[in-house]
Amino acid sequence: AQTVTQSQPEMSVQEAETVTLSCTYDTSESNYYLFWYKQPPSRQMILVIRQEAYKQQNATENRFSVNFQKAAKSFSLKISDSQLGDTAMYFCAFMSYGGATNKLIFGTGTLLAVQP
Amino acid sequence: DVKVTQSSRYLVKRTGEKVFLECVQDMDHENMFWYRQDPGLGLRLIYFSYDVKMKEKGDIPEGYSVSREKKERFSLILESASTNQTSMYLCASSLTGFKQPQHFGDGTRLSIL
């Protein structure tokens, strides 16, 4: 069975600085998808970024980028130029390839606080 | 944009009551999901559905059931609510196909007294 581990329950960063959130996963599959979701306080969970396992190039979305290390089964999220609006719970998630549905397996989350 | 609407943001019920949580999506998604979110445990899948009248158990189905009579609506039912079901409940939907992301509702914070 696949598992996703986020070892940092809470993190803090100063506005305008860079922060990296860690995520490791365990799977025996060779092709899969990885996601980072963001859940702001009392607001809807939204997709931040996604990475397909067979693509070696790291995904980037504006200030958000990932460091995908397939051999190490690591998928960290880097937030550059942190903004107050980045304060949120961040979840790493794993999706298997194939099957009738798109089931996600989530980590336990990292609560990020951006300080002014 | 995809809209996933959960019927209540906050709900308070009593032990033993039958509780219905409703979720509606407006983008003709095949797949719908119910999660439970608890501090330190992340999101855990309760049930999901990949078509009308089809359902499959997730990781923690005990004490819950679901109903999907129409494609856009997916209901979570607590047959006899208990205090350990006090939690945040999230509904999500997605298209079928690898890499299709899930889209989430605002969540329902349910308290069982």
Side-chain angles (χ1 to χ4, degrees), chain A residues 1-10 21-25 29-55 59 61 64 68 88-111, chain B residues 1-6 8-10 23 25 27 29-61 66 68 74 88-109:
Chain A
Q2 293 90 359
T3 58
V4 177
T5 302
Q6 294 179 250
S7 58
Q8 306 152 313
E10 296 184 21
L21 280 58
S22 301
C23 173
T24 59
Y25 58 94
E29 299 179 15
S30 59
N31 200 14
Y32 45 86
Y33 237 90
L34 295 164
F35 301 82
W36 277 99
Y37 278 88
K38 169 185 177 180
Q39 186 181 39
S42 301
R43 291 176 61 190
Q44 194 177 57
M45 180 112 68
I46 57 173
L47 178 67
V48 175
I49 198 165
R50 52 184 160 176
Q51 172 85 38
E52 197 157 4
Y54 73 79
K55 289 186 178 179
E61 290 285 345
F64 297 87
F68 175 49
M89 181 72 85
Y90 288 83
F91 291 98
C92 178
F94 173 98
M95 179 187 290
S96 294
Y97 178 79
T101 60
N102 304 351
K103 286 175 60 178
L104 284 171
I105 298 168
F106 285 88
T108 53
T110 296
L111 181 60
Chain B
D1 276 355
V2 177
K3 184 72 173 174
V4 179
T5 303
Q6 294 184 230
S8 306
R9 286 299 301 270
Y10 301 94
C23 176
Q25 50 94 3
M27 286 301 291
H29 285 174
E30 296 90 359
N31 303 319
M32 296 188 75
F33 307 82
W34 275 108
Y35 294 92
R36 173 175 171 160
Q37 182 180 1
D38 298 289
L41 297 178
L43 276 73
R44 293 179 291 167
L45 182 64
I46 304 172
Y47 267 97
F48 64 97
S49 168
Y50 53 89
D51 202 352
V52 176
K53 297 191 186 296
M54 305 303 290
K55 61 184 179 184
E56 285 198 26
K57 294 180 180 179
D59 300 317
I60 52 165
V66 291
R68 193 164 181 204
F74 191 37
M88 169 71 86
Y89 290 87
L90 294 177
C91 175
S93 71
S94 76
L95 290 168
T96 293
F98 185 50
K99 82 183 178 185
Q100 293 295 335
Q102 293 184 14
H103 301 267
F104 286 82
D106 288 339
T108 295
R109 187 164 293 281

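Residue numbers start from 1 in every chain, and the chains themselves are labelled A, B, ... in the order their sequence lines are given, proteins ahead of strands.
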Rounded to the nearest 0.5 angstrom, the CG-CD distance for B:D51 and B:E56 is 11.5 Å
| message | Classify the ring geometry of A:F106 against A:Y37: parallel below 30°, tilted from 30° to 60°, perpendicular beyond 60°. | response | tilted
Whatever's closer than 4.5 Å to a heavy atom in chain B on A:Q6 counts as neither
Chain A shares the most heavy-atom pairs under 4.5 Å, among B:G40, B:G107, B:S94, B:P101, with B:P101
### Query
Going by the angle between their ring planes, with limits at 30° and 60°, are A:F68 and A:Y25 parallel, tilted or perpendicular?
parallel
_Check against side chain to side chain contact (heavy atoms under 4.5 Å, CB included), B:Q25 and B:K3_ = CA-CA 6 Å; B:Q25 50 94 3; B:K3 184 72 173 174; over 6 Å; no
When the 4.5 angstrom heavy-atom criterion is applied to B:L95 and chain A, the contacting part is backbone
Of the listed B:R9, B:M88, B:E30, the one with the largest count of heavy-atom pairs under 4.5 Å with chain A is B:R9
If one checks every heavy atom of B:R109 against chain A at 4.5 Å, the contacting part turns out to be neither
**Message:** With a 3.5 Å distance limit and no angle check, can you tell me whether B:S93 reaches the backbone of B:M32 through a side-chain donor-acceptor pair?
**Reply:** no
Those residues of residues 46-55 of chain A that come under 4.5 Å of chain B on a heavy-atom basis, listed by number, are A:L47, A:R50, A:E52
**Prompt:** Would you call B:D38 and B:R36 a salt bridge, using N to O less than 4.0 angstrom?
**Reply:** yes
Under 4.5 Å to a heavy atom of chain A? For B:Q37 that would be side chain
Distance col, row B:H29:NE2 vs B:T96:OG1, nearest 0.5 angstrom, shows 9.5 Å
Rounding to 0.5 Å, atoms OG (A:S96) and OH (A:Y32) come to a distance of 10.5 Å
Okay, B:L43 and chain A: the region with an atom under 4.5 Å from a heavy atom over there is both
request  = Just say parallel, tilted or perpendicular for the rings of B:Y35 and B:F33, cut-offs at 30° and 60°.
outcome  = parallel
Ranked by heavy-atom pairs below 4.5 Å to chain B, first place among A:S42, A:G109, A:A93 goes to A:S42
Original post:
Do side-chain atoms of A:T5 reach the backbone of A:S7 as a donor and acceptor pair under 3.5 angstrom?
Top reply: no
